[in-house]
Amino acid sequence: MPYTLPSPPRSEEELMLRVRKLAGKTFAQLAADIDKEVPSDQRNAKGWLGQLVEAYLGATAGSRSVPDFESIGVELKTIPIDATGKPTESTFVCVTPMGEKAGVPWEDSPVYRKLKRVLWLPVQANVPMPERRIATGFLWTPNDEENRLLKADWDDLMGMVLTGRVDEISGHQGEVLQIRPKAANAAAETWGIGVDGGKVRTLPRGFYLRPAFTRAILHEHLMVRS
DNA sequence: ATCTGATCATAC
DNA sequence: GTATGATCAGAT
């Protein structure tokens, strides 16, 4: 029986019913279910996996700046994990604000809002796309400690952005949250803040969660090895 | 083996 | 260019 693409979930419970149906499936199976083709070269289809899962679960946000499941305020994050359950990649959160929004307090920050309620969906990494399996997804809200760590990094990093030192930021900074390039290529430019407080052209960047942080989240919620 | 900086696709 | 979805690949 073919799977019909669902309307947006009306509750977290409804969403998690769909998530449970995904557990254990391969992307070959999932793609066949909803009549899509697995791309032959994932170097040219980096976002395909996430977009397929969005369609399957009834996400509607597209490229708009709203949660994937807008009506229930849930953000979907697929996360690649190796055979031991460790994330193999960092997790993109949002673009680093460098305009008027750069100075907002943590509770009003795009990082805080994005991570307020997340559906984590681990996906097997390091195997060909058709064979990659989806694991058990779970809902997450940062606990007090996680929130404290995130806020500390936000404050530190945005302090540099606000004082015109964005070009001095490297991916080494930040305990759980880092700032790295997020652009079509290294020649891309956006407006940032200069040392004199004026506007300067600079490379667009984004906030990413370090793998060690997401690994801890997975271990809190799932039974995984090492 | 891990991490940072760079990159790919698509919609608007 | 900005937003969404991420992974690639060279450096360490």
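Sequence lines set the chain letters: A, B, ... in the order given, protein chains first and strands last, and positions in each chain run from 1.
- Here the P atom of nucleotide dC8(B) and the CZ atom of Phe92(A) are 17 Å apart, to the nearest Å.
- Nucleotides of DNA chain C that come within less than 4.0 Å of any heavy atom of chain A span, from the 5' end to the 3' end, dG1(C) to dA9(C).
- If you check the side chains of Glu146(A) and Trp140(A), you find a donor sitting under 3.5 Å from an acceptor.
- A residue-by-residue look at Lys46(A) and Asp82(A) shows that Asp82(A) has its nearest nucleotide of DNA chain B further toward the 5' end.
- Contact annotation for Glu75(A): backbone-only contact, meaning every heavy-atom pair under 4.0 Å involves sugar-phosphate atoms and none involves a base.
- Of the charged side-chain nitrogens involved, at least one lies within less than 4.0 Å of a carboxylate oxygen, so that Glu12(A) and Arg117(A) count as a salt-bridged pair.
- Ion pairing between Lys151(A) and Asp144(A) fails under the 4.0 Å rule for side-chain N and carboxylate O.
- Considering only residues two or more places apart in sequence or on other chains, Phe213(A) meets the ring-ring contact (aromatic ring centres under 6.0 Å, His included) condition with none of them.
- Contacts with DNA chain C (heavy atom under 4.0 Å) in residues 174-198 of chain A: Arg180(A), Lys182(A), Glu189(A), Thr190(A), listed by number.
- A search for salt bridge (charged side-chain N to carboxylate O under 4.0 Å, His left out) contacts involving Arg165(A) returns nothing, not counting sequence neighbours.
- Inspection of the Thr88(A) and Asp82(A) side chains reveals no N or O donor paired with an N or O acceptor under 3.5 Å.
- Using a 4.0 Å cutoff on non-hydrogen atoms, the parts of residues 108-124 of chain A near DNA chain C are Lys114(A), ordered by number.
- For the helix from dA1(B)-dT12(C) to dC12(B)-dG1(C), the axis fitted to the five pairs at one end and the axis fitted to the five pairs at the other end meet at an angle of 30° (nearest 10 degrees).
- Applying the ring-ring contact (aromatic ring centres under 6.0 Å, His included) rule to Tyr208(A) yields the partners Phe92(A); only residues at least two apart in sequence or on another chain are considered.
- Ring to ring, Tyr112(A) and Trp154(A) are not that close: their centroids are 6.0 angstrom or more apart.
- The CD-P distance, from Glu89(A) to dT4(B), rounds to 12 Å in whole Å.
- Counting non-hydrogen atoms under 4.0 angstrom, Gly47(A) reaches a base of the nucleic acid.
- Side-chain contact check for Leu22(A) versus Leu30(A): some heavy-atom pair is nearer than 4.5 Å.
- Taking 4.0 angstrom as the limit, Arg64(A) places none of its side-chain polar atoms (N or O) nearer than this to OP1 or OP2 of dC12(B).
- At whole-Å resolution of the value, CD in Gln42(A) and C1' in dT7(B) are 14 Å apart.
- The salt bridge (charged side-chain N to carboxylate O under 4.0 Å, His left out) pairs that include a residue from residues 120-138 of chain A number zero, where partners must be two or more places apart or lie in different chains.
- When rounded to the nearest whole Å, the span between CG of Leu203(A) and P of dT7(B) equals 10 Å.
- Using a 4.0 Å heavy-atom cutoff across all strands shown, Thr91(A) reaches no nucleic acid atom at all.
- When heavy atoms are screened at a 4.0 angstrom cut-off, Thr88(A) is found touching no nucleic acid atom at all.
- Comparing Pro204(A) and Lys77(A) along DNA chain C, the residue whose closest nucleotide (by nearest heavy atom) sits nearer the 5' end is Pro204(A).
- Not counting sequence neighbours, Arg20(A) has no partner by the salt bridge (charged side-chain N to carboxylate O under 4.0 Å, His left out) test.
- Listed by chain and number, the residues in a salt bridge (charged side-chain N to carboxylate O under 4.0 Å, His left out) with Glu54(A) amount to none (sequence neighbours excluded).
- With sequence neighbours left out, the ring-ring contact (aromatic ring centres under 6.0 Å, His included) criterion links Phe69(A) to no other residue.
- Spacing between atom CZ of Arg210(A) and atom C1' of dG5(B) amounts to 13 Å, rounded to whole angstrom units.
- Here Leu17(A) is tied to no hydrophobic group at all, with no ILVMFWY side chain closer than 4.5 Å.
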